[in-house]
Amino acid sequence: MASIDQQPAGRPDSGLSFIPVAWLVIVMGLSAYGLISNWRLIGDFSLPDNVLFLIYGGLAGGVITILWGLYLLGLAFNRSARFPRHYTIWQVAIIIWILVRQAYVLLVSDFVFSAEGLGFTVAEIAIGLLCIYLLRNGAGAETVYANPETDRPPVFVSILAALLGIILGGVIGAFGGFFAGSLIADLTHMSCFEGACGFFAAFIGLGGLIVGAIAGCIFAIWRVNRRRPPRAR
């Protein structure tokens, strides 16, 4: 007869398996910021073709990263056993995209080499590899992401909720940020020469949009996936 003190295979999770989820949210936030920053450059044919190619490629990559990331967030909040494998695939794809983008920037003459940009790229890859390492088999992540998803809503529901959370959170954050920026400009008697106070308010509003969209996404996914008490029969 098996002993009741027998421990499950694998090491217990130390909590580090949640770092990939945090990094996923950060990458999605950076992608959203890139979309907002570069959207105005669409159709600007005064830029060289090589630059436009990188901009359009970055916009497409950002959209794919966010949509794919929403799916992964649904798996993570469901504590799905599929999350480690799907996250690893996503992270490998991101690393390949980063390497291709960096190689393109280094090889095309229209871009200037930047040690800061290269360092940021190296840091992105290093963090991505660390996240893959934390979700490897036997690291303990299987004790956290072990839900067969029989008692949680489908991932598709989480994605829809996340999209609504991004839209509503972004709108609320943008208005709140713009109002806060205008109030700060008034209280500090900021100069409005050449629209400086307006640019400041718009900048704070942009930050509020990004923060609100991320917060709305996380809250919406948590809300539809939170554990509910069992119904009385």
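Below, all heavy atoms of this structure are taken into account, side chains as well, without hydrogens, waters or symmetry copies.
- Distance check: Ser80 OG to Tyr71 OH gives 7.0 Å after rounding to the nearest 0.5 Å.
- Residues Ile125 and Leu99 meet the side-chain proximity criterion, which asks for heavy atoms closer than 4.5 Å.
- Residue pairs meeting the salt bridge (charged side-chain N to carboxylate O under 4.0 Å, His left out) criterion with at least one member in residues 86-102, sequence neighbours excluded: Arg101-Glu124.
- Between Gly57 and Trp97, the closest heavy-atom pair is O-CH2, 3.6 Å.
- At a threshold of 4.5 Å between non-hydrogen side-chain atoms, the residues Val27 and Trp90 count as touching.
- Taking every heavy atom of both residues into account, Leu59 and Gly34 meet most closely at CD2-O, 4.4 Å.
- Tyr87 contributes atom OH, which lies 9.0 Å from atom CG of Leu134 (distance to the nearest 0.5 angstrom).
- The same ILVMFWY cluster, assembled from side-chain heavy atoms under 4.5 Å apart, contains both Leu54 and Ile64.
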For Leu129 and Gln91, what are the C-alpha separation, side-chain angles and deciding distance, and is it a side-chain contact (heavy atoms from CB on, under 4.5 Å)?
CA-CA 8 Å; Leu129 292 175; Gln91 187 63 76; over 6 Å; no
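- Residues Ile89 and Trp68 meet the side-chain proximity criterion, which asks for heavy atoms closer than 4.5 Å.
- Listed by first then second residue, pairs satisfying salt bridge (charged side-chain N to carboxylate O under 4.0 Å, His left out) with a partner in residues 176-185 number zero, not counting sequence neighbours.
- Side-chain contact between Val25 and Leu73 is present, with at least one heavy-atom pair separated by less than 4.5 Å.
- Here the straight-line distance linking atom CD1 of Ile94 with atom CD1 of Ile132 works out to 10.5 Å at 0.5 Å rounding.
- Follow the hydrophobic side-chain contacts under 4.5 Å out from Val122 and you never reach Ile95; the two are in separate clusters.
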Does Leu135 form a side-chain contact (heavy atoms from CB on, under 4.5 Å) with Phe83? I'd like the steps, not just the answer.
CA-CA 9 Å; Leu135 292 178; Phe83 174 74; 4.0 Å; yes
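- Under the salt bridge (Lys or Arg N to Asp or Glu O under 4.0 Å) criterion, Arg85 pairs with no residue at all, not counting sequence neighbours.
- Nearest heavy-atom pair, Met28 versus Ile66, reported as atom, atom and distance to 0.1 Å: CE-O, 3.7 Å.
- Grouping the Ile, Leu, Val, Met, Phe, Trp and Tyr side chains by contacts below 4.5 angstrom, directly or via other members, places Val211 apart from Ile172.
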Show your reasoning for whether side-chain contact (heavy atoms from CB on, under 4.5 Å) applies to Thr65 and Leu30.
CA-CA 10 Å; Thr65 298; Leu30 293 175; over 6 Å; no
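- Two residues are said to be in side-chain contact when any heavy atoms from C-beta on lie closer than 4.5 Å; Leu75 and Tyr145 fail this criterion.
- Heavy atoms from other residues, nucleotides or ligands lying under 6.0 Å from OH of Tyr104 number more than 12.
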